[in-house]
Undergrad: 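Below you'll find the structure I mean.
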2 protein chains.
Amino acid sequence: MEQIKKELLESRGWKVGTVSDFLDLTPEEIIFVEIKLALSRNLKSERQKAMTQRELATKIGSSQPRIAKAENGDPSVSIELLIRAMLATGATPQAIGQIIAGVG
Amino acid sequence: MEQIKKELLESRGWKVGTVSDFLDLTPEEIIFVEIKLALSRNLKSERQKAMTQRELATKIGSSQPRIAKAENGDPSVSIELLIRAMLATGATPQAIGQIIAGVG
DNA sequence: CGTATTTATATCATATATGATATAAATACG
DNA sequence: CGTATTTATATCATATATGATATAAATACG
């Protein structure tokens with residue numbers, strides 16, 4: 001199974017190998033999940049350049065486990081938290097916008 | 001008071017004329033609020049071109065009052081909902097990205 | 001103007017994202 | 001290899017965003 005679909009499924013909390021299809025996702029829902037995954041990936045790579053998960057967590061009043069979830073595309077993490085975390089790593093609105101614009 | 005600051009305050013649930021200062025917002029927090037307001041404004045104008053609040057609400061499984069709040073920058077509305085609503089009005093990731101990129 | 005449609009405001013119960021904590025697993029590094 | 005640091009996973013109580021509902025206010029429109 002290609003990596004993209006695998007990530008999509010896993011980000012929805014699904015286990016790959018289950019009969020559950022992700023075909024019942026509307027195009028908008030797929031785009032939405034892709035946006036979250038794109039932000040998640042970018043957060044991870046940019047954060048790694050600048051600080052530890054614990055440092056970032058402290059900076060935004062969150063916790064290290066929550067940052068780990070954010071970086072791993074956990075579906076319980078909101079775009080809110082992803083963006084707050086990215087801004088705290090130094091991301092500009094321009095950079096965030098470009099990441100989203102690059103989806104789809 | 002200039003419109004921008006007024007919107008910022010109001011979006012935080014504050015009444016203009018209160019002594020509450022918004023100077024205790026970090027630069028990141030200000031940018032975050034501005035991103036939400038920019039999305040909110042865009043949702044309103046684009047949705048109006050295409051459908052009623054009720055129609056949009058039904059389309060994404062939400063309610064008309066919640067769409068009204070989304071379009072009016074109510075702080076209880078998440079970026080999640082704003083983006084889901086925008087996608088349902090036909091916005092592309094490119095368009096959403098550009099709006100965010102235009103902040104700051 | 002008067003009626004119909006649309007949007008805004010208020011309230012509420014509930015689902016869900018949240019930070020906190022503990023700890024296992026992985027990685028760095030001497 | 002062995003220890004320290006960092007990251008991932010699990011659990012939990014709680015804050016907050018959610019849709020539903022009722023209804024007021026605004027707008028469209030004949």
Side-chain angles (χ1 to χ4, degrees), chain A residues 6-7 9-16 25-26 28-29 32-33 35-37 39-89, chain B residues 6-7 9-16 25-26 28-29 32-33 35-37 39-89:
Chain A
K6 196 154 169 292
E7 282 179 331
L9 289 168
E10 289 174 353
S11 76
R12 298 264 299 188
W14 288 334
K15 293 288 176 293
V16 173
L25 288 180
T26 67
E28 288 80 15
E29 288 170 333
F32 186 78
V33 173
I35 287 174
K36 289 184 71 168
L37 289 175
L39 293 175
S40 176
R41 279 190 290 262
N42 188 268
L43 170 62
K44 186 168 201 166
S45 64
E46 291 303 311
R47 190 275 309 164
Q48 285 175 333
K49 296 176 188 169
M51 62 191 94
T52 68
Q53 290 183 346
R54 179 162 296 282
E55 286 169 331
L56 173 55
T58 297
K59 199 169 181 182
I60 66 174
S62 182
S63 64
Q64 177 270 319
R66 196 120 265 271
I67 301 298
K69 284 178 184 298
E71 293 185 352
N72 289 342
D74 187 295
S76 83
V77 174
S78 69
I79 290 188
E80 314 275 323
L81 185 59
L82 287 168
I83 290 183
R84 284 201 297 122
M86 291 177 75
L87 289 173
T89 65
Chain B
K6 198 154 166 293
E7 282 180 330
L9 289 168
E10 289 173 352
S11 75
R12 298 264 298 187
W14 289 334
K15 293 288 176 294
V16 173
L25 289 179
T26 66
E28 288 80 15
E29 287 170 335
F32 186 78
V33 173
I35 287 175
K36 289 184 72 168
L37 289 175
L39 294 175
S40 177
R41 279 190 290 262
N42 189 267
L43 170 63
K44 186 168 201 165
S45 64
E46 291 303 309
R47 190 273 310 164
Q48 285 175 334
K49 296 176 187 169
M51 62 191 94
T52 68
Q53 288 182 349
R54 180 162 296 282
E55 287 169 330
L56 174 54
T58 298
K59 200 168 180 183
I60 66 174
S62 183
S63 62
Q64 178 270 320
R66 198 119 265 273
I67 302 298
K69 284 178 184 297
E71 292 185 353
N72 289 342
D74 188 294
S76 83
V77 174
S78 70
I79 289 189
E80 314 275 322
L81 185 59
L82 288 168
I83 289 182
R84 285 201 298 122
M86 292 178 74
L87 290 173
T89 66

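Note that these values count all heavy atoms, side chains included, but never hydrogens, waters or copies made by symmetry. Lettering of chains follows the sequences in order, A, B, ..., and the numbering in each one begins at 1.
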Undergrad: Just jot down the side chain to side chain contact (heavy atoms under 4.5 Å, CB included) partners of B:Arg66, sequence neighbours excluded, or say none.
TA: B:Ser62, B:Ser63, B:Lys69, B:Ser76, B:Val77, B:Leu81
Undergrad: Which atoms of nucleotides 20-25 of chain C (N or O only) lie under 3.5 Å from a protein N or O atom, and what are those distances?
TA:
| residue | atom | partner | partner atom | Å |
| --- | --- | --- | --- | --- |
| C:dA20 | OP2 | A:Ser62 | O | 3.3 |

Undergrad: So, OP1 or OP2 of C:dA8: does either fall under 4.0 Å of a side-chain N or O from B:Asn72?
TA: yes
Undergrad: Below the 4.0 Å mark, does C:dA17 have OP1 or OP2 next to a side-chain nitrogen or oxygen of B:Ser78?
TA: no
Undergrad: Of all residues at least two apart in sequence or in a different chain, which pass the side chain to side chain contact (heavy atoms under 4.5 Å, CB included) check with B:Lys44?
TA: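 By the side chain to side chain contact (heavy atoms under 4.5 Å, CB included) rule, B:Lys44 matches B:Gln48, B:Glu71, B:Asn72.
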Undergrad: Give every residue pair that meets the salt bridge (charged side-chain N to carboxylate O under 4.0 Å, His left out) criterion with at least one member in residues 52-64 of chain A, sequence neighbours excluded.
TA: none
Undergrad: Please work out if A:Leu81 contacts a base, only the sugar-phosphate, or nothing of the nucleic acid, heavy-atom cut-off 4.0 Å.
TA: sugar-phosphate
Undergrad: Is the shortest side-chain heavy-atom distance between A:Leu82 and B:Ile79 below 4.5 Å?
TA: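 Result no, sub-4.5 Å side-chain heavy-atom pair not found.
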Undergrad: Grab the stems for DNA chain C, please: at least three consecutive Watson-Crick or wobble pairs, both distances below 3.5 Å, written as range with range.
TA: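 Runs of three or more consecutive pairs: C:1-30 with D:1-30.
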Undergrad: What is the separation between atom NZ on A:Lys44 and atom C1' on C:dA26, rounded to the nearest whole Å?
TA: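 Distance check: A:Lys44 NZ to C:dA26 C1' gives 12 Å.
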Undergrad: In terms of side-chain heavy atoms of A:Arg47, which of D:dG19, C:dA8, D:dT7 is nearest?
TA: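 Per side-chain heavy atoms of A:Arg47, the pick is D:dT7.
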Undergrad: Could I get the full list of side-chain hydrogen bond (donor to acceptor under 3.5 Å, both in side chains) partners for A:Glu46, not counting sequence neighbours?
TA: A:Lys49
Undergrad: Consider the side chain of B:Thr52, meaning its heavy atoms from C-beta on, and name the nucleotide among C:dT6, D:dT9, D:dT18 that approaches it most closely.
TA: C:dT6
